[in-house]
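Just so you know, residue 1 is the first one in the sequence shown, and it goes up from there. Below, each value reflects all heavy atoms present in this structure, side chains not excepted, and no hydrogens, waters or symmetry copies.
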Amino acid sequence: MPPLDPTPRLDLGEAKDQALVINLIEKSRAELVMYDPLTSLHRINENDNVQMRAILDTITEINRRTGAAALVVHHYGKPDK
């Protein structure tokens with residue numbers, strides 16, 4: 001199987017993008033999905049706990065549907081040089 005294109009831009013708040021992620025996981029038979037960085041996968045206010053909970057719940061639902069585990073990376077900021 002050829003390698004998957006790692007460049008799609010996704011918004012996990014959108015049903016069509018959730019379906020795309022599920023399809024990619026199923027096609028690749030991935031056992032682990034790394035969401036990196038989390039901030040690039042949604043358009044919500046990260047300071048709103050309710051909105052962030054919805055995105056994390058979406059990732060959990062994707063896990064349930066595909067059987068894949070998730071690793072979520074959230075970059076707080078870049079270190080000073």
Side-chain angles (χ1 to χ4, degrees):
M1 179 164 98
L4 296 173
D5 179 4
T7 59
R9 300 291 179 225
L10 303 170
D11 181 348
L12 292 177
E14 299 290 329
K16 67 178 179 50
D17 288 346
Q18 294 168 21
L20 175 62
V21 170
I22 290 168
N23 188 6
L24 288 170
I25 293 168
E26 289 173 343
K27 274 186 169 179
S28 67
R29 296 186 288 194
E31 294 180 13
L32 174 68
V33 178
M34 181 181 293
Y35 296 91
D36 180 18
L38 178 60
T39 190
S40 293
L41 300 172
H42 61 80
R43 292 187 178 108
I44 63 167
N45 177 355
E46 289 195 357
N47 294 316
D48 185 320
N49 288 334
V50 173
Q51 291 180 352
M52 282 305 298
R53 177 83 259 152
I55 294 297
L56 296 172
D57 287 347
T58 296
I59 291 171
T60 298
E61 183 58 26
I62 291 170
N63 294 348
R64 286 184 183 129
R65 292 187 59 185
T66 64
L71 175 63
V72 179
V73 179
H74 177 67
H75 300 274
Y76 176 71
K78 298 189 185 242
D80 293 333
K81 290 186 176 184

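More than 12 heavy atoms of other shown residues, nucleotides or ligands fall within 6.0 angstrom of atom CG in Asn45.
Residues Ala70 and Asn63 share a closest heavy-atom pair of CB-OD1, 3.5 Å. Taking each heavy atom of Leu12 and Ile59 in turn, the nearest pair found is CD1-CG1, 3.8 Å.
Looking only at side-chain heavy atoms (C-beta outward), Ile62 and Thr58 come within less than 4.5 Å of each other.
Ile44 contributes atom CD1, which lies 11.0 Å from atom CZ of Arg53 (distance to the nearest 0.5 angstrom). To the nearest 0.5 Å, atom CG of residue Asn23 and atom CD of residue Gln18 are 13.5 Å apart. Taking NE2 from His42 and CG from Leu56, the interatomic distance works out to 8.5 Å, rounded to the nearest 0.5 Å.
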Trace of the side-chain contact (heavy atoms from CB on, under 4.5 Å) decision for Asp11 with Leu41: CA-CA 5 Å; Asp11 181 348; Leu41 300 172; over 6 Å; no
Show the numbers, then the answer: is there a side-chain contact (heavy atoms from CB on, under 4.5 Å) between Glu26 and Arg65? CA-CA 10 Å; Glu26 289 173 343; Arg65 292 187 59 185; 5.8 Å; no
Return all side-chain donor-acceptor pairs below 3.5 angstrom for residues 30-40, not counting sequence neighbours, or 'none' if the list is empty.
{"from": "Asp36", "atom 1": "OD1", "to": "His75", "atom 2": "NE2", "distance (Å)": "2.8"}
{"from": "Thr39", "atom 1": "OG1", "to": "Glu46", "atom 2": "OE2", "distance (Å)": "3.1"}

